[in-house]
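Below: the structure, in structure tokens.
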Amino acid sequence: MENNTQPPARRTKPRERNSLLKKYYGLKDTSTPTEPPVQDNKPFDLDGNTFNSSKYFASLLKVKPLQGLIEKDNELVTEIREIDGDMKTLVYENYNKFISATDTIRKMKSNVQDMESEMSRLNENISGISKQSKFINGELGPNRKKIQQLSNVHNSLKRLQFIFELPNRLQLCLTKKRYSQAVKYYSKASKLLDHYKHMPAFKGIERDCHHIMDKVNSDIWAALTDPNLSLQKIAEEIKLLVLLGEDPQKLWKKYIEIQVSMLNRKQRENSNPVSIKDLIEFYIVPLEDIVKHFETLFLATEKNDTLSSLANLTPDQKEEAKHHLLVAIHPHIDSFFKLAQEFIQLPTSITIKDTHLPQFDHLAQLQSALLTHTQALKSVAKIDERMIQLTADWESALIHNVFDSLILGLKDHFNKFILSLHQQANDVSSEFDTDRIAGFIQDTQTWLLDHFINTCLLPLNQYLDTTLPLTLSRIQFGIKNIWQKISDRFENVHKTSKLDKASLQIFMLVGSRLCYDLADNGIFHVYSTFSSQFCRPVVESSTYSSPDQDAKIEPNLIPDMNQTIELYLKTGQTLLNKQMMQEGYRLSARIQESYLFSTLKSVTHVSEIWYLVYNRLKYTERLVESIYPPAHPSPPSKRSPSVDNSESDYDYGPYSTRNVQQLQSTHSLTTVSSISELQPLPPSDRFGSTDINMMNNIDKLFADRVDIYRKVDPSPIGICTALILILLKSFLEVTREMEMNTVYYQQIQVDIEYIKRIIWPYIGEEKWASTMLQEVLSGVYTRCSSPISINQDELALILTPS
């Protein structure tokens, strides 16, 4: 039997070591706490101070069965044994510490006694040393000044001896061509000779030394004309002339002239380096030596001046010397970077997936070599900045050339599709292959995204340091640029492709569909992958998978992504509009030809042109349905555009054209009246032409605008409706140019009735169409001298299919 009075489970609490020891030995705790502990009334807590064994036992009897009491007893016995074992271990450890402390105290006592005796002996030794030092100082004190005076005299005699021996030393150096030693001796004594030159003895020595050093100077200048002299030797000879006080400007010009001449000769002998190592050895290493020695001789600053930088140039002279040096070495630096560019030159279009670029190794070798061998060139000629620019240009070229492979791949895909269109055009038995068109659209989009991400974008990680913001900005620009190039190819396809009219119509509609699909999801995939794999730390393996539509994109990528999406929506819309206008122009020309160049005698059938128009509408509808399959078919009356859509947006499935800039029409507008159906015109004896014109003008006054060349809805109904708008407008303009008589008037009546029937599936009850047809009929009625309407029975008979 169980109830809610079961005692709580035992909790283990930390206990103080001293309390445990006192409890084990049965000692009382004599410490007096400053504050009485706050005790909670917990009689069932075994570790608490308020534990009540009687209550705890009584509670166990109530809540525990016999088996439970036995188990509890075994548990308590086990805990008691564990606690007892812990206490014994604690006592044993405590005894060990006591024993160790005792031994330590004994050793310390012995060591302290020995230390006291050692300190006593040390103190006695120091006292003895102090006494001896005082005794020695007392004995040597009177002679110390004499020793110092004698030492100074000895040094002066040595200097005088060196001065008197200087002409012989210099002559020996001149004879053995030890010019550096001669310059060293003369530089060491020149100040002293100049100071005592008023004394006859020193004056003769100075004259002899000058005579010898003039010969040394001449020999050094002569040695500089040796064409086989090394760059290092030239620098050493110039250094000697600097120390001899030659004109600095003359020296640096001569130095530059000789060194550059030697460099030109060496580079002519090795004009075509076969490796980066050769390029560095024949171009960078000599340049570095030239600049390093020049900097030491003429450009060294005051805080690091040494014996080799005694030119003592003013800041203006240093700038002038530096300018002369840069003018001389810049052509060689340019030649080096030109050759380096040839080593790292990339192909126009490359694929870097699963391949290794040798140009990347060459660039890494260049960077390493310039980092370790160009300290002087970096400080004087800023060659490191040139290398940074070269690296940036190479990275930009790599990005653009890799992405340009998309253009070539798309070109191959489209060439195959064009070839299939040519074959289809030659096959008169086939109209168009719906499955082939749908497969091409799907395959092209899949290939484009896969190649973009897995073949172009992600492999850039192995060649570029994507932790640098500048590198990321270059990749970002490359992505935006390639999207722009692809869009341009789509938009200009009608100019570059050599297709017949039917194939071009298919091609432009397919391009439009691809643009809408890329705007709907493809562009987002690319930017999302770029954001996750480059702009943030990579968590998992970088293999392409469709990113979640809700995934966050780096904020600085969003403007580019939105602009690109808008660009492709606009391009898709432009292709639709161009295709629709081209088809409209062709049919309009046929309408004009049919009416303006025909000779009618009687009205027996509908004009042939409208049968052609009907067939073209059905063909266009079937073609567009294969490219833009309707996801949710709706009645024609609901799909036809409203009369005022200057601000409308098309939201057909994924091909939304929202945010695409409205295409402005450069053509005339027609008006729509409130007439919903085409009404028969009254006979001529009932109303005059003036009244009819007045009624038509009143209709126009209260009509809404319809843009003939509006944005085309990417759907079968939308494209056919746009085509109908152009054809009706053309029909209206053509009839205005005709010379009207009764036969033509009746023929137009028949044609209008037929037009109403063929366009109804696309426009339904839209009043703009009936208004335009009414305007056509009223216009020809007004200009006809005898407008006799055709009999309704004859009209029905003509329109009845045979």
| task | Determine yes or no for a side-chain-to-main-chain donor-acceptor pair under 3.5 angstrom, with Trp483 supplying the side chain and Ile523 the backbone. | result | no

| request: Hey, could you give me the OH/CD distance between Tyr463 and Gln359, rounded to the nearest 0.5 Å? | output: 9.0 Å

| Between atom CD of Glu385 and atom CG of Leu390, what is the distance when rounded to the nearest 0.5 Å? | 13.5 Å

| query | Considering residues, nucleotides and ligands other than Arg590, do more than 12 of their heavy atoms fall under 6.0 Å from its CZ? | reply | no

| message | Between Leu287 and Ile383, does the side chain to side chain contact (heavy atoms under 4.5 Å, CB included) criterion hold? Intermediate values first, please. | response | CA-CA 11 Å; Leu287 274 175; Ile383 197 173; over 6 Å; no

| field | Salt-bridge criterion met for Glu295 and Lys292 (N-O under 4.0 Å) | value | no

| request: List the steps and the verdict of ring-ring contact (aromatic ring centres under 6.0 Å, His included) for Phe452 and Trp447. | output: CA-CA 8 Å; Phe452 202 132; Trp447 174 87; 9.9 Å; no

| query | Donor-acceptor pair, Ser473 side chain versus Leu470 backbone, under 3.5 Å? | reply | yes

| Can you check whether Ile763 reaches Ile717 side chain to side chain, under 4.5 Å on heavy atoms? | no

| message | Test side chain to side chain donor-acceptor pair (under 3.5 Å) on Glu621 and Tyr762; report intermediate values, then the result. | response | CA-CA 10 Å; Glu621 181 182 11; Tyr762 306 105; 2.9 Å; yes

| Taking the side chain from Asn264 and the backbone from Val260, do they hold a donor-acceptor pair closer than 3.5 Å? | yes

| Cationic N near anionic O, under 4.0 Å, Lys480 to Asp560 | yes

| Heavy-atom check, side chain of Asp404 versus side chain of Lys485, under 4.5 Å | yes

| Donor on one side chain, acceptor on other, Asn562 and Glu566, under 3.5 Å | no

| request: Using a cut-off of 6.0 Å, state whether more than 12 heavy atoms not belonging to Tyr614 lie near its atom OH. | output: no

| message | What I'd like to find out is whether the side chain of Ile280 reaches to under 4.5 Å of the side chain of Leu366, using heavy atoms alone. | response | yes

| task | Please check if any side-chain donor atom of Asp384 sits under 3.5 Å from a side-chain acceptor atom of Gln367, or the reverse. | result | no

| message | Between Leu557 and Glu554, is there a side-chain heavy-atom distance shorter than 4.5 Å? | response | yes

| query | Between Ile329 and Ala381, what is the shortest heavy-atom contact and its length? | reply | CD1-CB, 4.2 Å

| request: Please round to the nearest 0.5 Å and tell me the distance separating atom CG of Leu363 and atom CD of Glu395. | output: 7.5 Å

| said: Whether the Asn577 and Gln573 side chains hold a donor-acceptor pair (N or O, under 3.5 Å, no angle test) is what I'd like checked. | reply: yes

| query | What's the shortest heavy-atom distance between Thr434 and Ser626, and which atoms? | reply | CG2-CB, 3.3 Å

| task | Just do the ring-ring contact (aromatic ring centres under 6.0 Å, His included) check on Phe507 and Phe440 with the steps written out, would you? | result | CA-CA 11 Å; Phe507 199 81; Phe440 171 75; 7.5 Å; no

| Measuring from Arg474:CZ to Phe477:CZ, what's the distance to the nearest 0.5 Å? | 12.0 Å

| request: Please step through side chain to side chain donor-acceptor pair (under 3.5 Å) for the pair Ser730 and Ser588, ending with a clear verdict. | output: CA-CA 6 Å; Ser730 300; Ser588 296; 2.6 Å; yes

| field | Test log, rule ring-ring contact (aromatic ring centres under 6.0 Å, His included), inputs Phe337 and His332 | value | CA-CA 9 Å; Phe337 279 104; His332 297 276; over 10 Å; no

| said: Under the criterion side chain to side chain donor-acceptor pair (under 3.5 Å), I'd like the reasoning laid out for Thr471 against Thr466: C-alpha separation, chi angles, the key distance, then a yes or no. | reply: CA-CA 6 Å; Thr471 302; Thr466 55; over 6 Å; no

| request: Look only at the side chain of Ser532 and the backbone of Thr529, and say whether a donor-acceptor pair between them is shorter than 3.5 Å. | output: yes

| said: Donor-acceptor check, side chain of Asn415 to backbone of Lys411, threshold 3.5 angstrom: yes or no? | reply: yes

| note | Distance col, row Leu279:CG vs Asn272:CG, nearest 0.5 angstrom, shows 11.0 Å

| Between Arg436 and Asp443, does at least one N-O distance fall below 4.0 Å, as a salt bridge requires? | no

| said: Test side chain to side chain contact (heavy atoms under 4.5 Å, CB included) on Ile388 and Thr391; report intermediate values, then the result. | reply: CA-CA 5 Å; Ile388 291 173; Thr391 303; 5.7 Å; no

| task | Could you check Glu583 against Arg586 for salt bridge (Lys or Arg N to Asp or Glu O under 4.0 Å), going step by step and ending with a plain yes or no? | result | CA-CA 5 Å; Glu583 180 72 7; Arg586 288 193 291 268; 2.8 Å; yes

| Is the shortest heavy-atom distance from the side chain of Cys515 to the side chain of Ser487 under 4.5 Å? | no

| message | Taking Asn556's backbone N and O only, do any of them form a donor-acceptor pair with Gln476's side chain (distance below 3.5 Å, no angle check)? | response | yes

| said: If we count only N and O atoms by modelled type, under 3.5 Å, do the side chains of Gln442 and Thr446 hold a donor and an acceptor together? | reply: yes

| Is there a side-chain contact between Asp520 and Leu569, using heavy atoms and a 4.5 Å cut-off? | no

| task | Give the intermediate values and the outcome of side chain to side chain contact (heavy atoms under 4.5 Å, CB included) for residues Leu398 and Leu357. | result | CA-CA 10 Å; Leu398 174 67; Leu357 294 177; 3.7 Å; yes

| Taking atom types as modelled and ignoring hydrogens, do the side chains of Tyr628 and Ser512 form a donor-acceptor contact shorter than 3.5 angstrom? | yes

| query | Less than 4.5 Å apart, any side-chain heavy atom of Ile276 and any of Asp361? | reply | no

| message | Between Arg513 and Asp517, does any NZ, NE, NH1 or NH2 come within less than 4.0 Å of an OD or OE carboxylate oxygen? | response | yes

| query | So, does Ser379 use its side chain to make a donor-acceptor pair with the main chain of Ala376 at under 3.5 Å? | reply | yes

| What heavy-atom pair brings Tyr568 and Leu518 nearest, and what distance separates the two atoms? | CE2-CD1, 3.8 Å

| request: Might you work through the side chain to side chain contact (heavy atoms under 4.5 Å, CB included) test for Trp768 and Leu725, ending with a clear yes or no? | output: CA-CA 9 Å; Trp768 55 266; Leu725 266 172; 3.4 Å; yes

| Ile627 CD1 to Arg622 CZ distance, which is reported to the nearest 0.5 Å | 13.0 Å

| said: Taking the basic N atoms (NZ, or NE/NH1/NH2) and the acidic carboxylate oxygens, is any pair closer than 4.0 Å for Glu269 and Lys266? | reply: no

| field | Contact summary for Leu377 and Ile284, nearest pair of heavy atoms | value | CD1-O, 4.2 Å

| said: So which atom in Leu472 and which in Phe530 form the shortest heavy-atom distance, rounded to 0.1 Å? | reply: O-CZ, 3.8 Å

| task | Might you point out which heavy atoms bring Glu281 and Pro286 nearest each other, and give the distance in Å? | result | O-CD, 3.1 Å

| task | Begin with the C-alpha distance, continue with both residues' side-chain angles, and end with the deciding distance and a verdict on side chain to side chain donor-acceptor pair (under 3.5 Å) for Gln389 and Asp393. | result | CA-CA 6 Å; Gln389 185 60 47; Asp393 294 340; 2.9 Å; yes

| When Val712 is tested against each of Lys578, Met581, Met580 for side-chain contact (heavy atoms from CB on, under 4.5 Å), which residue passes? | Met580

